[in-house]
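Just below is one structure, and these are the notes that go with it.
Keep in mind that the numbers below use all heavy atoms, side chains included, and drop hydrogens, waters and symmetry copies.
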Amino acid sequence: MNDQSDVWIYILILAGSTFAGNVSTWTCLPKFLVKIEKNELCIKRHYKETLIYFIPTIATSVYTVLDKTMIGLITGSNSVNGYYENATKIVNMAKAVAFTSINSVLGSRISYLFANKKTDEIKEKISFALDYILFMGIGCSLGIIGVAKQFVPWFFGEGFMETVPMLMTLSPIVVIIGISNCAGALYYTPAGLRATSTKFIVTGSVVNFILNSILIPLFSGYGAIIASIVAELVITVLYVRNSNGFLTVQMIAEKIWKKLIAGSVMLIVIVIMGINREASIVLTGGQIIVGVGVYGIILFIIRDKFLLNGLDIVKDKLKR
């Protein structure tokens, strides 16, 4: 969408795709439904547990929407809100790539392991998930910083160049949320500690609101970004400190440093590629391809265990 007149097309696509997705789930739903008599319902018994899951969802949703609301109310600028919205959309896409899928897959398995008290295997699964999240998160975060200047003009339009520094500033949140999401989805929820997790999320929401109130008047949209990063850091620190050894600072440090080195080299290379070059989809595509290659090669050279284990698995499958 590069023109203001295209807004209605964007709205139609956004609303239409969501509507179609929801309707499609209803077509196959009847075969899974079982009729239950009213006297068999036990709503009160499930109310507390439902509330435990409901509160963090609402808290997260509120402070996500609250950022944009407070930016609009305090700055009175729709353009700042637009820049911030676009930056968060790209970061949210990176978050989905970095950790959403693996946590969804491993969550049910780890719940089973907790039920059977297989502590060693649980720690092994969480360690693997953390390695994957840091591998993808560092790559996505530093990759976004590297391509932002060439990506934004052709994707959003020349009028959204202010999105570039916002996107760069917000990108580290992919790694921060990745770590907290790993702890929440793979330890707190399977271990039956969702109530504890809820307290941490609510704490982060309160921090976010207070910092928004202080920082948005001073730094406009960047104030909201700083508030979000600090709030997510608070949640992550609380998660890690209270995870009873299933996820530790030492684990994170051991797994992250090689990925930071490889990511930094990748960042330098893709930034150099974009110097004095006109923004285009071809350039961005080239930066991504080269960046992925450089990231993988550097990790291989410095012998990152996650990459080497992945290559071994691929070799074994190719031999079969």
Side-chain angles (χ1 to χ4, degrees), residues 1-14 64-98 137-177 211-212 215-230 232 263-264 266-292 294-295:
M1 302 302 169
N2 294 320
D3 191 273
Q4 291 182 359
S5 63
D6 293 329
V7 171
W8 72 270
I9 300 176
Y10 170 75
I11 294 172
L12 185 62
I13 293 172
L14 190 65
T64 301
V65 176
L66 195 63
D67 286 352
K68 301 164 194 173
T69 304
M70 293 182 74
I71 288 172
L73 289 174
I74 295 172
T75 67
S77 172
N78 290 329
S79 59
V80 173
N81 238 331
Y83 303 143
Y84 181 81
E85 171 72 8
N86 286 337
T88 56
K89 281 179 182 176
I90 300 302
V91 168
N92 287 338
M93 289 172 61
K95 283 157 54 179
V97 171
I138 295 293
C140 288
S141 180
L142 294 178
I144 287 172
I145 294 172
V147 305
K149 194 173 180 180
Q150 285 72 40
F151 168 76
V152 169
W154 68 262
F155 190 82
F156 292 115
E158 292 290 344
F160 287 91
M161 287 305 293
E162 186 60 34
T163 298
V164 173
M166 284 192 174
L167 185 55
M168 291 178 172
T169 308
L170 188 61
S171 64
I173 208 168
V174 175
V175 179
I176 298 167
I177 295 181
L211 290 179
N212 274 336
L215 297 177
I216 292 177
L218 297 174
F219 305 110
S220 188
Y222 295 96
I225 291 173
I226 296 168
S228 294
I229 291 174
V230 173
E232 293 296 346
S264 298
M266 174 194 70
L267 174 60
I268 293 169
V269 170
I270 59 180
V271 167
I272 291 173
M273 285 180 66
I275 293 175
N276 297 325
R277 297 283 298 277
E278 186 177 346
S280 69
I281 188 172
V282 175
L283 175 58
T284 301
Q287 287 177 302
I288 292 171
I289 293 169
V290 172
V292 170
V294 170
Y295 188 54

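Shown here are the side chain to side chain contact (heavy atoms under 4.5 Å, CB included) partners of I145, two or more places apart in sequence or in another chain: L142, M168, S171, L267. With sequence neighbours excluded, the residues satisfying ring pair (Phe, Tyr, Trp, His ring centres under 6.0 Å) with F151 are W154, F155. Checked against side-chain hydrogen bond (donor to acceptor under 3.5 Å, both in side chains), S280 has no partners two or more places apart in sequence or in another chain.
Of the inter-residue distances, the one linking L211 atom CG with M70 atom CE reads 10.0 Å to the nearest 0.5 angstrom. Here N212 contributes atom CG and S228 contributes atom OG; the two are 6.0 Å apart, rounded to the nearest 0.5 Å. The line from OG of S220 to OH of Y83 is 10.0 Å long, rounded to the nearest 0.5 Å. The line from CG of L283 to CD1 of I270 is 10.0 Å long, rounded to the nearest 0.5 Å. Separating the CG atom in N78 from the CD1 atom in I71 is a distance of 11.5 Å, to the nearest 0.5 Å. Rounded to the nearest 0.5 Å, atoms CD (E232) and CD1 (I173) are 5.0 Å apart.
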**OP:** Could you give me the CA-CA distance, side-chain angles and deciding distance for F156 and L167, then say whether side chain to side chain contact (heavy atoms under 4.5 Å, CB included) is met?
**Re:** CA-CA 12 Å; F156 292 115; L167 185 55; 5.7 Å; no

**OP:** May I have the step-by-step check of side chain to side chain contact (heavy atoms under 4.5 Å, CB included) for M166 and V91, ending in yes or no?
**Re:** CA-CA 11 Å; M166 284 192 174; V91 168; over 6 Å; no

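K95 and N92 share a side-chain donor-acceptor pair at under 3.5 Å.
T169 and I229 get closest at one heavy-atom pair: O-CD1, 3.4 Å. Looking at every heavy atom in both residues, A148 comes nearest to V164 through O-CG2, 3.8 Å. In terms of heavy-atom proximity, Y84 sits nearest to G221 at CD1-O, 4.0 Å. Among all heavy-atom pairs drawn from C140 and A94, the shortest one is CB-CB, 4.1 Å. The two residues R277 and M273 make their nearest non-hydrogen contact at CG-O, 3.2 Å. For the residue pair L215 and A227, the shortest heavy atom distance occurs at CD1-N, 4.2 Å.
Using a 4.5 Å heavy-atom cutoff, the side chains of E85 and T88 are in contact.
The closest donor-acceptor contact from the side chain of Q150 to the backbone of G274 lies under 3.5 Å.
Crowding of M93 atom CE: a count of heavy atoms from other residues, nucleotides or ligands under 6.0 Å not exceeding 12.
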